[in-house]
Amino acid sequence: MPPLPQSFYLQPTPQVARDLLGCLLIHETPEGPCGGLIVETEAYLCADDPACHAALGRTKRNAAMFGPPGHAYVYRIHQVFCLNLVTAPEGVAEAVLLRALEPTVGADLMRRRRGQHALKDLCSGPGKLCQALGITLVHNGLSVMQPPLYVSRVPASLRDAQVTQTTRVGIHPDKGAELPLRFYLGDSPFISRR
DNA sequence: CGATGGATGAACT
DNA sequence: GTTCATCCATCGT
């Protein structure tokens, strides 16, 4: 399957977050390809969303969010990295955080990067996912519409009933904690938490 | 199981 | 100096 086109990332951001569920994220690395099916995402919006990194304007760190859609925004928090896919037209800072994958490609390689872990714990969190795939700040701003890093749709169809929509993880009480912008596959054992 | 706290680095006030 | 879009070990039930 070809990578998702840029037009995909120009849909409303919550819809992009939802539609990314079930899509395949692949990173082709020197050690081999690795990745999996996206099972958990969160949308971060430009307007009325204090949790968005761009809520206070453009900075050196969040610059990629203001860039073209279909590119990566990678940031560091504590000692881990997190991967977002930039949405909305250039200049409008919105993105989707990828929070968990169901490992399907290169599981052994990912296990090596993460240390010995059960399959369900390899990519069950935004930091774990980046560690497993070998995503770092060097990927900040890169296109996710072509190798080595890309997202594509898979043939299997997705039933609406499988998608759960709820509040985001780790958001402080006065920062839009009540916004229902987290999406995950309700029957997946690979998500970060219930 | 669930709750808690420390690690640890960069951006920002 | 404060604040995290986290993770993991280590408690406590």
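To find a chain, count down the sequence lines: A is the first, B the second, and so on, and within it residues start at 1. Being a predicted model, the structure only gives us computed values, none of them experimental.
If you check every strand for non-hydrogen atoms under 4.0 Å, A:Asn84 touches a base. Base contact: A:Leu97 has a heavy atom under 4.0 Å from a base atom. Contact annotation for A:Arg193: no contact, since no heavy-atom pair falls under 4.0 Å across all strands. Within the 4.0 angstrom heavy-atom criterion, only backbone atoms of the sugar-phosphate kind lie near A:His172; the bases stay farther away. Residue A:Arg168 is classed as having no contact, given no heavy-atom separation below 4.0 Å to the nucleic acid.
For the atom pair CD (A:Glu102) and CZ (A:Phe190), the distance works out to 4.5 Å, reported to the nearest 0.5 Å. Atom CZ of A:Phe81 sits about 10.5 Å away from atom NE2 of A:His139, to the nearest 0.5 Å. Taken to the nearest 0.5 Å, the OG1 atom of A:Thr167 stands 9.5 Å off from the CG atom of A:Leu179.
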Next on the checklist: Determine whether A:Arg182 and A:Thr166 satisfy the following criterion, side chain to side chain donor-acceptor pair (under 3.5 Å), listing intermediate values before the conclusion.
Outcome noted: CA-CA 5 Å; A:Arg182 175 181 180 225; A:Thr166 180; 5.5 Å; no
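As a whole-Å value, the separation of A:Gln79 CD from C:dT3 C1' is 15 Å. Between the CG atom of A:Leu56 and the P atom of C:dC4 there is a distance of 11 Å, given to the nearest Å. Between the NE2 atom of A:His53 and the C1' atom of B:dG9 there is a distance of 14 Å, rounded to whole Å. When rounded to the nearest whole Å, the span between CD1 of A:Ile77 and C1' of B:dA11 equals 11 Å. Nucleotide B:dC12 holds its P atom 7 Å from the CZ atom of A:Arg61, rounded to whole Å. Going from atom NZ of A:Lys128 over to atom P of C:dT6 covers 12 Å, rounded to whole Å. Rounded to whole Å, atom P of B:dT8 lies 14 Å from atom CZ of A:Phe81. Atom CD in A:Glu40 sits about 16 Å away from atom P in C:dA5, given to the nearest Å.
With hydrogens and angles left out, the side-chain atoms of A:Tyr73 and A:His53 include a donor and acceptor closer than 3.5 Å.
Residues passing the side-chain hydrogen bond (donor to acceptor under 3.5 Å, both in side chains) test with A:Asp49, sequence neighbours excluded: A:Arg168.
Taking 4.0 angstrom as the limit, A:Thr59 places a side-chain polar atom (N or O) nearer than this to OP1 or OP2 of B:dC12.
Each of C:dC8, C:dA5, B:dG9 was ranked by its minimum atom distance to the side chain of A:His78; first place goes to B:dG9. Distance from the side chain of A:Arg114 is smallest for C:dC8 among the nucleotides C:dT6, C:dC8, B:dC12. With distances taken from any side-chain atom of A:Lys175 to the nucleotides C:dA5, C:dC4, C:dC8, the minimum falls on C:dC4. The side chain of A:Arg76 has B:dG9 as its nearest neighbour among B:dG9, C:dC4, B:dT8. If you check C:dC8, B:dA7, C:dC7 against the side chain of A:His117, the one that comes closest is C:dC8.
Under a 3.5 Å cut-off, the side chain of A:His27 and the backbone N or O of A:Leu133 do form a donor-acceptor pair.
For A:Glu42 and C:dA5, a side-chain-to-base donor-acceptor distance below 3.5 Å is absent, hydrogens and geometry of angles not being considered. A donor-acceptor contact under 3.5 angstrom links the side-chain atoms of A:Tyr75 to the base of C:dA5.
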Checklist entry - What would the secondary structure line of DNA chain C be in dot-bracket form, counting Watson-Crick and G-U wobble pairs under 3.5 Å, with [ ] for pairs that cross earlier ones and | for pairs with another strand? => result ||||.|||||||.
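If you run side-chain contact (heavy atoms from CB on, under 4.5 Å) between A:Tyr44 and each of A:Val96, A:Ile171, A:Thr87, only A:Ile171 comes through.
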